[in-house]
Peer 1: 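I have a structure here, written as structure tokens, and I will follow up with some questions on it.
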Amino acid sequence: MSSASSVLVASSSFLYWIRKPSPFKFSKFPSTPSVTPSSPKCYRVVCRGGSPQPASFPDLSFALHDALESTGIDTSHAREARKSFVSQIKKLSDIERETSICINRCVDLGRTSLFIAAEDDSLISHSSVPLPVDAFLERLDDLSMGYCSHYNSACRSSRENFLESLEKYLYVKKGFRRSTAKNQAEPQALDLHSVLTHRSGSAVMLSLIHSEILKMLRLWGLLDFDVEIFFPHDPHGLPRAYDKQKSKESDQPHIMTVQMLLEEILRNLKDAFWPFQRGAADSLFLRAANAANCIDKFNGFEDSGYQLASTKAAQRRLDRGVWTSVHFGYMRRALSGMIRWCCMSKFFFILAITHQDQ
């Protein structure tokens, strides 16, 4: 089956191909399609319980890239970024993926996050040059180096003073702030290079920057005690470093491991750019299924005629092959994030199975 005559369907549990009748025509598939020699085949998607046989699944790691290239879009930079992301993930062992981001030494989390951003940037911009990953890594290093000029004898007087001075440096002097937006209206909050540029980011991005600064300070000998980062689960709190020796049992749910950080980054991107933002269902896949079956519940002022009109406009844009609509997601980034999530989950699953066998 050619990529050009297929569309990729993704959920948190399934990835598979279905054939579509025309390049940019989306329609509901009939339950019992009538197939004649002169008409294209149509297929209904059926979700079955249990795990499918591995032999029946193609390798879909680059399915989106293949589909785009079949339409004449160059995805070479996006492919290289994906390969670099996977190469970083493969450095993790089963034990290391459960370690705190403050003591991780196997995976360069800053670089890995920038590879994610580089792939998405290439898919969106179609630029002839890739995102300058090394240049943004230098920005991270400069941010750490800048603290050295802020560091003084008062910071060395106690561990609490040291961590408080670091917090003031990052959130006051440098002006980094927490963004509460979790949708495509403020995408710079979800990509590391944009957060470094605009100094506004999600809690997971600020946690990553905080941990990278701590890593460099430890490397330079300015940090000589164990530190943990408190990851806030509320919508407004800021990630903060604290002395691990003074940690409490209540701090345990707020410790961010390497696997948790990577999953949170990908989950935020997937949720933000998923095209089917409306709907009562918590599952993104169920929202898509409800939309495909025209299951819509409009109630009260919130579900206004404006939203209905916007939904219809987004549908018309999709019918014409336009992959993005304001407040209705970005299909390429959603699919890219979904496939990336599946690649990482597959690798972590293999790690877990291998660990059990040993």
Side-chain angles (χ1 to χ4, degrees), residues 3 7-17 57-69 73-92 97 101 106-126 130-131 133 136 182-184 187-195 201-202 204-205 208 256-276 283-285 288 323-324 329-352:
S3 298
V7 75
L8 181 65
V9 177
S11 76
S12 58
S13 304
F14 301 92
L15 275 173
Y16 43 85
W17 289 100
F57 259 118
D59 181 10
L60 299 178
S61 300
F62 295 96
L64 177 61
H65 306 77
D66 292 338
L68 291 174
E69 286 190 347
I73 297 175
D74 181 22
T75 63
S76 56
H77 295 319
R79 282 180 182 270
E80 287 303 313
R82 170 67 63 82
K83 291 176 182 177
S84 299
F85 167 78
V86 172
S87 69
Q88 287 289 325
I89 296 299
K90 287 184 176 179
K91 295 178 182 179
L92 284 171
R97 67 191 174 99
I101 58 176
C106 294
V107 174
D108 188 333
L109 293 175
R111 187 180 294 274
T112 303
S113 180
L114 285 170
F115 285 142
I116 294 173
E119 179 181 357
D120 286 353
D121 178 77
S122 177
L123 291 175
I124 296 170
S125 66
H126 308 303
L131 186 77
V133 171
F136 283 103
K182 291 188 66 177
N183 54 46
Q184 70 279 7
Q188 62 264 29
L190 306 176
D191 291 321
L192 181 56
H193 72 293
S194 293
V195 176
S202 62
V204 67
M205 283 291 125
L208 173 58
M256 180 69 71
T257 67
V258 174
Q259 179 175 342
M260 289 168 60
L261 180 128
L262 292 172
E263 287 179 343
E264 187 71 14
I265 291 174
L266 296 181
R267 184 184 299 111
N268 287 347
L269 290 169
K270 178 183 65 175
D271 292 350
F273 295 103
W274 188 249
F276 308 97
S283 167
L284 301 180
F285 183 69
W323 290 52
T324 180
Y330 198 134
M331 184 67 81
R332 287 182 188 174
R333 292 198 68 171
L335 291 178
S336 176
M338 188 71 73
I339 299 171
R340 212 159 32 214
W341 175 282
C342 290
C343 290
M344 188 175 71
S345 299
K346 176 183 177 181
F347 176 70
F348 286 157
F349 176 75
I350 293 173
L351 275 181

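Because only heavy atoms are used, hydrogens play no part in the values below, and waters and symmetry mates are left out as well, while side chains stay in. Small disclaimer: the values here were computed from a predicted structure and weren't measured. The first residue of the sequence shown is numbered 1, and numbering continues consecutively from there.
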Peer 1: Please tell me if the side chains of Asp121 and Asp191 come closer than 4.5 Å, counting only heavy atoms from C-beta onward.
Peer 2: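 No - every pair of side-chain heavy atoms lies 4.5 Å or more apart.
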
Peer 1: Measure the CG-CG distance between Leu261 and Leu266 for me, rounded to the nearest 0.5 Å.
Peer 2: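 Atom-to-atom, Leu261:CG and Leu266:CG are 9.5 Å apart.
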
Peer 1: Any heavy-atom pair between the side chains of Pro130 and Glu80 that's under 4.5 Å?
Peer 2: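 The answer is no; the side chains never approach within 4.5 Å.
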
Peer 1: Heavy atoms only: give me the nearest Ala189-Val195 pair and the separation to one decimal.
Peer 2: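 Shortest heavy-atom separation between Ala189 and Val195 comes out as O-CG2, 3.8 Å.
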
Peer 1: How far apart are the closest heavy atoms of Ala118 and Val133, and which atoms are they?
Peer 2: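 Scanning both residues completely, I find the closest heavy atoms to be CB-CG2, 4.2 Å.
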
Peer 1: To the nearest 0.5 Å, tell me how far Asp66 CG sits from Arg79 CZ.
Peer 2: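 Answer rounded to 0.5 Å: 4.5 Å.
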
Peer 1: Do the non-hydrogen side-chain atoms of Arg340 and Asp120 ever get within less than 4.5 Å of each other?
Peer 2: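 Yes, side chains in contact.
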
Peer 1: Output the distance between atom CD (Glu119) and atom CD1 (Ile124), rounded to the nearest 0.5 Å.
Peer 2: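 Interatomic distance, Glu119 CD to Ile124 CD1, rounded to 0.5 Å: 10.5 Å.
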
Peer 1: Listed by chain and number, what are the ring-ring contact (aromatic ring centres under 6.0 Å, His included) partners of Phe136, not counting sequence neighbours?
Peer 2: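 For Phe136, the residues satisfying ring-ring contact (aromatic ring centres under 6.0 Å, His included) (neighbours in sequence not counted) are His193.
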
Peer 1: Got Asn268 and Met205 here, is their nearest side-chain heavy-atom distance under 4.5 Å?
Peer 2: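 No, their side chains stay 4.5 Å or more apart.
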
Peer 1: How about Arg97 and Met344: do any of their side-chain heavy atoms sit closer than 4.5 Å?
Peer 2: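 When only atoms from C-beta onward are counted, Met344 and Arg97 do not touch, as no gap falls below 4.5 Å.
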
Peer 1: Answer yes or no: is there a side-chain heavy-atom contact under 4.5 Å between Leu208 and Ile101?
Peer 2: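 Result no, sub-4.5 Å side-chain heavy-atom pair not found.
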
Peer 1: Looking at every heavy atom in both Ser84 and Ser87, which two are closest together, and how far apart are they?
Peer 2: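 Smallest interatomic distance, heavy atoms only, reads O-OG, 2.6 Å.
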
Peer 1: Using every non-hydrogen atom in the two residues, find where Ser122 and Ala78 come nearest and quote the distance to one decimal.
Peer 2: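 For Ser122 versus Ala78, the nearest heavy atoms are OG-N, 3.3 Å.
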
Peer 1: Applying the side-chain hydrogen bond (donor to acceptor under 3.5 Å, both in side chains) test to Thr75, which of Glu69, Arg82, His65 qualifies?
Peer 2: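 Among the candidates, only Glu69 passes.
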
Peer 1: What donor-acceptor contacts under 3.5 angstrom involve side-chain atoms of residues 109-116, with partners at least two apart or in another chain?
Peer 2:
| from | atom 1 | to | atom 2 | distance (Å) |
| --- | --- | --- | --- | --- |
| Arg111 | NH1 | Asp134 | OD1 | 3.3 |
| Thr112 | OG1 | Asp108 | O | 2.9 |

